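For clarity, every value in this text was computed on a predicted model and none was experimentally measured. Counting starts at 1 for both ligands and their atoms, following the listed order.
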Amino acid sequence: MLEIWGRPYSSNVIPVIWAANELGLDYTLQLAGGSFGKLNTDEYARINPNRMIPAIKDGDFALWESLAIVRYLSGQYGAGTLCPNDPQTHAIADQWMEWSASKAFLPVIYLFFATVRTRPEDRDPAKIAALRDEAHAALVILDAHLADRDYVCGDNFTMADIPLGCIAYRYFNVEVERPALPNVEAWYERLSQRPAYQKHVMRPFGTNPDEWAALEIACANEGVI
Ligand SMILES: N[C@@H](CCC(=O)N[C@@H](CS)C(=O)NCC(=O)O)C(=O)O
């Protein structure tokens with residue numbers, strides 16, 4: 001059976017778990033990273049020599065880097081659905097997945113760290129506003145792209161929506177004032193109707209780092225994976 005190594009609240013693991021669930025795959029989540037440890041074992045180094053999460057094992061095949069894993073699972077188990085068959089549509093999916101990593105991920109994750117993962121008394125409003133502006137400036141580009149399409153590649157949900165959908169959930173759910181992004185908001189609302197997104201991406205954050213860690217452990221203990 002497919003093994004996904006990681007923890008259920010990690011920004012880079014969530015896209016992999018969401019993709020596996022969109023594809024209806026049977027998998028086991030091997031809890032690793034953060035308080036679950038295991039990254040420094042020899043067993044894990046054979047799966048991912050970087051000792052980072054996520055990684056997968058699909059039979060004897062091991063793979064790391066979250067977006068490479070989303071692409072692999074989509075190509076192997078979702079040809080024509082998550083993974084577009086048409087080469088140009090596939091290239092557009094790749095383009096936005098690369099863009100998610102190069103332009104959108106970091107400002108949103110730093111915004112997330114500066115809010116949810118910083119104790120309220122230690123938060124820096126100027127830094128939070130600057131990160132919000134940087135994230136918004138990136139998402140304006142996605143907003144223009146989504147003006148005349150329902151999903152990143154057009155009419156259908158594909159692998160390209162997965163990393164960006166994870167970023168969007170973080171962005172829209174941190175405590176900060178946000179300028180409007182009407183097309184991104186409408187697309188986010190469409191994603192929010194998907195059961196796998198609701199279950200694996202739309203998880204509560206808590207309001208501080210302690211709550212965050214406790215939520216992750218509770219989620220793992222309950223097997224909500
Ligand atoms: N570019 C890598 C980044 C992997 C990464 O930074 N993983 C973090 C978690 S989000 C990690 O392994 N941190 C150590 C830990 O969680 O214990 C990917 O997308 O897979």
Side-chain angles (χ1 to χ4, degrees), residues 2-22 25 27-58 61-76 82-83 93-118 131 135 138 152 159-171 173-174 200-206 208-221 224-225:
L2 175 69
E3 290 176 7
I4 299 175
W5 287 70
R7 52 192 174 81
Y9 270 62
S10 154
S11 303
N12 290 306
V13 177
I14 291 169
V16 172
I17 294 177
W18 181 20
N21 281 274
E22 288 287 350
L25 302 180
Y27 66 92
T28 56
L29 182 63
Q30 303 287 339
L31 290 165
S35 61
F36 304 107
K38 295 190 199 149
L39 302 187
N40 285 324
T41 62
D42 291 344
E43 181 192 10
Y44 195 69
R46 283 191 288 276
I47 300 172
N48 184 355
N50 302 288
R51 300 181 186 277
M52 307 282 271
I53 49 169
I56 61 162
K57 279 199 78 182
D58 194 9
F61 178 66
L63 189 67
W64 38 268
E65 279 295 333
S66 56
L67 299 189
I69 297 170
V70 171
R71 286 181 172 100
Y72 165 73
L73 294 178
S74 302
Q76 182 78 334
L82 283 198
C83 182
D94 269 342
Q95 168 190 280
W96 283 101
M97 291 174 83
E98 293 292 327
W99 182 87
S100 77
S102 66
K103 291 283 185 227
F105 182 79
L106 283 182
V108 173
I109 289 305
Y110 289 146
L111 176 63
F112 183 74
F113 285 161
T115 51
V116 175
R117 301 196 76 173
T118 301
L131 288 167
V152 172
M159 61 184 181
D161 295 286
I162 289 181
L164 288 169
C166 295
I167 290 169
Y169 180 66
R170 297 276 203 260
Y171 180 70
N173 291 281
V174 295
H200 298 286
V201 184
M202 301 179 77
R203 289 187 168 146
F205 300 146
N208 63 57
D210 295 334
E211 278 182 31
W212 167 267
L215 282 163
E216 179 164 68
I217 289 167
C219 175
N221 286 342
V224 188
I225 49 182

In the protein, what heavy atom is nearest to [atom], and what distance, to one decimal place, separates them?
atom: atom 15 (C) of ligand 1; result: Gly34 N, 3.5 Å
atom: atom 1 (N) of ligand 1; result: Glu65 OE1, 2.8 Å
atom: atom 7 (N) of ligand 1; result: Ile53 O, 2.7 Å
atom: atom 3 (C) of ligand 1; result: Asn12 ND2, 3.5 Å
atom: atom 14 (C) of ligand 1; result: Leu39 CD1, 4.0 Å
atom: atom 9 (C) of ligand 1; result: Ser10 OG, 3.6 Å
atom: atom 19 (O) of ligand 1; result: Ser66 OG, 2.6 Å

Exercise. Minimum heavy-atom separation for Arg170 to Ser10, with atom names?
Worked result: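 Of all heavy-atom pairs spanning Arg170 and Ser10, the closest is NH2-C, 4.1 Å.
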For this session: Looking only at non-hydrogen atoms, find the nearest pair between Leu31 and Lys38 and report the distance.
Result: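 Heavy atoms of Leu31 and Lys38 come nearest at O-NZ, 2.8 Å.
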For this session: Would you please classify the geometry between the Trp212 ring and the Phe205 ring as parallel, tilted or perpendicular, with 30° and 60° separating the classes?
Result: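 Aromatic pair Phe205/Trp212 classed tilted.
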Exercise. What is the ring orientation for Phe61 with Tyr72, classed by angle as parallel under 30°, tilted 30 to 60°, or perpendicular over 60°?
Worked result: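 It falls in the tilted class, 30° to 60°.
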Problem set entry | Any side-chain donor near an acceptor of the partner, Trp99 and Gln95, under 3.5 Å |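 No.
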Exercise. When Trp5 is tested against each of Tyr44, Phe36, Tyr27 for ring-ring contact (aromatic ring centres under 6.0 Å, His included), which residue passes?
Worked result: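 Going through Tyr44, Phe36, Tyr27 one by one, the ring-ring contact (aromatic ring centres under 6.0 Å, His included) with Trp5 is satisfied by Tyr44 alone.
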Problem set entry | Asn48 (side chain) donor-acceptor with Asn50 (main chain) under 3.5 angstrom |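 Here the side-chain-to-backbone pair exists.
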Exercise. Polar-atom distance check: Arg51 versus ligand 1, any N or O pair below 3.5 Å?
Worked result: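 For ligand 1, there is no N or O atom that lies under 3.5 Å from one belonging to Arg51.
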Exercise. Should Met52 be counted as touching ligand 1, given the test is an N or O pair under 3.5 Å?
Worked result: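 Between Met52 and ligand 1, no N or O pair is found under 3.5 Å apart.
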For this session: Heavy-atom contacts with Arg7 under 4.0 Å: which atoms of ligand 1 show up? List them by number with element.
Result: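 Counting atoms of ligand 1 from 1, those under 4.0 Å from Arg7 are 16 (O).
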